[in-house]
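Note sheet for the following structure.
Throughout, protein chains are lettered first and strands after them, A, B, ... in sequence-line order, and every chain is numbered starting at 1.
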Amino acid sequence: MSAGRRAATLPVRFFSRPAEIVARELIGTIMRSEVDGVVTAGRIVETEAYLGESDPASHGYLGRRNTRNAAIFGPPASWYVYLSYGMHWCANLVAAREGEAAAILIRALEPLEGIEAMRARRGSVADRHLCAGPGRLCQALGITRDLDGRMMDGSPVLVHAGPAAEPSPIRAGPRIGITKAADWPLRFVLAGSPWISRP
DNA sequence: GCGCCGATTGGCT
DNA sequence: GCCAATCGGCGCC
């Protein structure tokens, strides 16, 4: 029918695997938002895996549920969005199996589309900082609690495969900004990318 | 009910 | 490099 073809959203089975695998393979994929009629998109260059009830840093550690973290216990390929430090939204994709509390925090994007809209939402910051951090990218893409608990497919924010050739290597390192089990090598970055939140 | 802490960020020393 | 902003959850009185 139409000449244009939208890239296929990553399927549920992609997310139905261990969170550290999903976190690594999300590097290089494209995150696309359409909020208030505005399209913004970027390449995922930094992620962090949280492994579930047995991971002291997971919001679902020991299976403890509350109002804020309910969505992390949801099905794979659904969003878990929470308010950090009372100010910043942070977006995760739920992975593994429903009830496990495993999720991938999206930590940085390379801006690709809707950059003017990102600038308008972010205020006067250097382009380098438009999406360099979990709170920053949510602001740039217009992500708020509205996304929390929704299945990715059919929601305003989707992730789809990036360009076929991805020559740049992916590096793993310690997680950032946490105090418990921070040294677990569950942060993944696109090596050499200038768009990551921290070197 | 009260105080402390956190998967952060931006401004100031 | 240090620190305040700001709010929900949790431990404790």
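Taking CG of A:Leu186 as the reference point, atom CZ of A:Arg24 lies at 10.5 Å (rounded to 0.5 Å). Interatomic distance, CD of A:Glu48 versus CZ of A:Arg107, reported as 4.5 Å (0.5 Å rounding).
An OP1 or OP2 oxygen of B:dT8 is reached within less than 4.0 angstrom by a side-chain nitrogen or oxygen of A:Arg107. Here A:Arg187 does not reach the OP1 or OP2 of B:dA7: none of its side-chain N or O atoms lies under 4.0 Å away. A sub-4.0 Å separation between OP1 or OP2 of C:dG11 and a side-chain N or O of A:Arg64 is present.
Put simply, CG on A:Leu62 is 11 Å from P on C:dC10, counting in whole angstrom units. Following rounding to the nearest Å, A:Ile176 (CD1) and B:dG6 (P) show an atom-to-atom distance of 16 Å. Between the P atom of B:dT8 and the CD1 atom of A:Ile106 lies a distance of 14 Å, rounded to the nearest Å. A:Tyr61 places its OH atom 14 Å from the P atom of C:dC10, with the value rounded to the nearest Å. If you measure from atom CD of A:Glu20 to atom C1' of B:dA7, you get 17 Å, rounded to the nearest angstrom. Rounded to whole Å, atom P of C:dC7 lies 13 Å from atom CZ of A:Arg145. In this structure, CG of A:Leu51 is placed 13 Å from C1' of B:dA7, rounded to the nearest angstrom. The separation between A:Gln139 atom CD and B:dT8 atom P is 15 Å, rounded to whole Å.
Taking all atoms of both residues into account, the shortest heavy-atom contact from A:Val94 to A:Ala71 is CG2-O, 3.5 Å.
Taking the C1' atom of each, B:dG10 and C:dG8 are spaced 22 Å apart, rounded to whole Å.
The pair A:Glu46-A:Arg198 fails the salt-bridge criterion, with no side-chain N (NZ, NE, NH1 or NH2) lying under 4.0 Å from an Asp/Glu carboxylate O. The residues A:Arg68 and A:Asp148 are annotated as not salt-bridged, no charged nitrogen and carboxylate oxygen being separated by less than 4.0 angstrom.
Mapping A:Arg122 and A:Gly177 onto DNA chain B by nearest heavy atom places A:Gly177 at the nucleotide closer to the 5' end. Residue-to-nucleotide proximity on DNA chain B shows that, of A:Gly135 and A:Thr179, the 5′-proximal contact is made by A:Thr179.
Side-chain atoms of A:Glu110 and A:Ser193 include no donor-acceptor pair closer than 3.5 Å.
A heavy atom closer than 4.0 Å to some atom of DNA chain C occurs in A:Tyr85, A:Gly86, A:Met87, these being the qualifying members of residues 69-91 of chain A.
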**Asked** A:Tyr61 and A:Lys180: side chain to side chain contact (heavy atoms under 4.5 Å, CB included), yes or no, with the steps?
**Response** CA-CA 11 Å; A:Tyr61 183 48; A:Lys180 290 169 289 188; 5.6 Å; no

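With A:Val159 as the fixed residue, the side chain to side chain contact (heavy atoms under 4.5 Å, CB included) test singles out one of A:Leu93, A:Ile30, A:Asp153, A:Thr9: A:Leu93.
Looking at the side chain of A:Leu105, the nearest of the listed nucleotides C:dG8, B:dA7, B:dT9 is B:dA7. Proximity note for A:Thr67 (side chain, C-beta onward) versus C:dG9, B:dG10, B:dA7: the nearest is C:dG9.
Distance alone, capped at 3.5 Å, places no donor-acceptor pair between the A:Arg171 side chain and the A:Ala191 backbone.
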**Strand DNA chain C as a dot-bracket string - pairs counted if Watson-Crick or G-U with both distances under 3.5 Å, | where the partner lies in another strand** = |||||.||||||.

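Heavy atoms of other residues, nucleotides or ligands lying less than 6.0 angstrom from CG of A:Asp183 number more than 12.
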